[in-house]
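Counting starts at 1 for both ligands and their atoms, in listed order. When reading the values below, keep in mind they use all heavy atoms of this one structure, side chains included, and skip hydrogens, waters and symmetry mates.
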Amino acid sequence: MRNLQGRLDLCSINTATLGHREPISLTIERIARAGFGGIAPWRREIESADIAQVARQIKTSGLAVTGYCRSTALPAATPAEFNANVDANRAALRDAATLNAQCFVMVTGGLAAQSRDLPGARSQVTEGIAMLLETARDCGVPLAIEPLHPMYAADRAVVNTLEQALAICRAVDAANTGYVGVAIDAYHCWWDPALAHAIGTAGREKRILAYHTCDWLRDTRDMLLDRGMMGDGVIDLPALRQSVETAGYDGLIEVEIFSAQNWWQRDPDHVLATCAERLQTLC
Ligand code: ZN
């Protein structure tokens with residue numbers, strides 16, 4: 001496993017970690033100044049800004065874009081809505097290309113409104129990703145399917161384990177073109193008894209496109225916005241990174257913390273300094 005001491009260039013900050021409280025230009029500046037090697041911005045920050053200028057600023061700051069967050073939900077109640085969702089993702093993929101993003105993060109979507117059809121939603125996800133693959137190739141930006149913890153199956157993602165995400169990769173891209181893979185997020189995957197096996201498989205299939213880190217707080221108070229800083233929770237983060245890197249992943253380690261009541265209340269530079277320290281000592 002790589003030693004992260006003095007290697008913040010191997011670490012990236014997902015902008016959600018700072019709570020989206022400031023304009024993206026300032027966020028880029030802070031992350032670069034703190035010494036990180038990468039950034040993962042969100043569409044809400046980019047689509048409301050001058051994307052070419054943002055791309056230039058990121059490039060001149062020397063930051064890699066470890067991912068562009070994130071897809072429009074795919075499952076839909078009608079074919080028209082489904083096609084609109086796919087098109088929205090095509091547009092975002094073009095922006096991901098402008099940003100020179102290493103991948104487009106696919107949070108696939110939960111059940112459509114009023115729906116109880118979980119298998120149907122999962123089929124729509126596979127179909128939608130298959131439809132996006134060509135755009136991904138044209139744009140030169142791979143799709144990174146991010147399985148989410150099963151507590152989000154209703155409202156955010158019907159893809160809930162790494163093995164399930166890999167099965168979709170194989171279904172839509174049997175030839176393994178390199179344009180669809182997985183984003184492994186410690187928060188979503190740590191509980192899975194089949195995780196180590198799935199990470200090994202993902203590595204052999206060369207499908208690991210991103211690795212996201214944070215921690216799971218034992219007394220989680222909010223399903224969405226109470227992620228922990230690395231070291232404050234129960235995940236064996238060094239063991240997890242070791243298994244991801246042993247599987248062949250050599251990309252950046254991306255910190256992604258949603259924390260409305262804690263970290264989003266703190267000074268952004270303090271948050272970044274804490275991430276830096278924890279990454280180098282506890283991850
Ligand atoms: Zn993530």
Side-chain angles (χ1 to χ4, degrees), residues 10-20 27 31 36 38-46 64-74 89 92 96 99 101-110 125 129 141-153 155-162 164-166 168-169 180-192 195 198-199 202 207-217 220 222-230 232-233 235 237 240-241 243-244 249 251-260 263-264 271 275 278-279 283:
L10 294 177
C11 303
S12 173
I13 297 291
N14 185 301
T15 60
T17 304
L18 300 179
H20 295 135
T27 301
I31 292 172
F36 292 97
I39 185 171
W42 282 63
R43 280 167 73 186
R44 64 168 89 167
E45 298 164 304
I46 300 302
V65 176
T66 49
Y68 185 38
C69 294
R70 62 181 193 203
S71 55
T72 298
L74 288 165
N89 285 314
L99 292 168
Q102 293 172 355
C103 64
F104 179 52
V105 178
M106 298 288 306
V107 172
T108 57
V125 164
I129 292 173
V141 179
L143 307 168
I145 305 172
E146 180 164 345
L148 259 52
H149 190 284
M151 69 179 170
Y152 302 114
D155 63 342
R156 290 179 189 273
V158 293
V159 177
N160 306 108
T161 66
L162 184 54
Q164 187 191 357
L166 288 169
I168 296 171
C169 294
V180 62
V182 295
I184 300 174
D185 187 318
Y187 194 74
H188 296 303
C189 296
W190 71 279
W191 59 274
D192 182 356
L195 183 61
I199 288 172
R207 303 243 194 220
I208 307 177
L209 298 173
Y211 175 60
H212 302 167
T213 192
C214 70
D215 216 335
W216 182 283
L217 300 175
T220 296
D222 185 289
M223 279 170 64
L224 185 64
L225 302 178
D226 194 22
R227 294 191 183 198
M229 177 64 67
M230 297 79 73
D232 290 348
I235 307 177
L237 291 169
L240 183 49
R241 182 163 71 87
S243 94
V244 169
Y249 179 72
L252 275 65
I253 313 302
E254 177 183 319
V255 177
E256 185 183 34
I257 302 175
F258 302 82
S259 173
W263 296 99
W264 292 357
V271 176
C275 290
R278 303 289 179 90
L279 280 162
C283 292

Name, closest N/O/S atom of [X] to the Zn ion (ligand 1):
X    : answer
E256 : OE1
D185 : OD2
E146 : OE2

Checklist line | Ring geometry between H149 and W216 (parallel below 30°, tilted from 30 to 60°, perpendicular above 60°) | finding: parallel
Note to self: Under 3.5 Å, is there a donor on one side chain and an acceptor on the other for T15 and E45?
What the structure shows: yes
Note to self: Under a 3.5 Å cutoff, is there a donor and acceptor pairing between the side chains of D215 and W190?
What the structure shows: no
Checklist line | Contact check: E254 to the Zn ion (ligand 1), N/O/S below 2.8 Å | finding: no
Margin query: Quick check on the Zn ion (ligand 1): does H212 put an N/O/S atom closer than 2.8 Å to it?
Written below: yes
Item checked: Candidates V182, I184, L166 - the one meeting side-chain contact (heavy atoms from CB on, under 4.5 Å) with I199 -> I184
Checklist line | Minimum-distance pair of heavy atoms, taken over all atoms of W42 and A16 | finding: NE1-CB, 3.7 Å
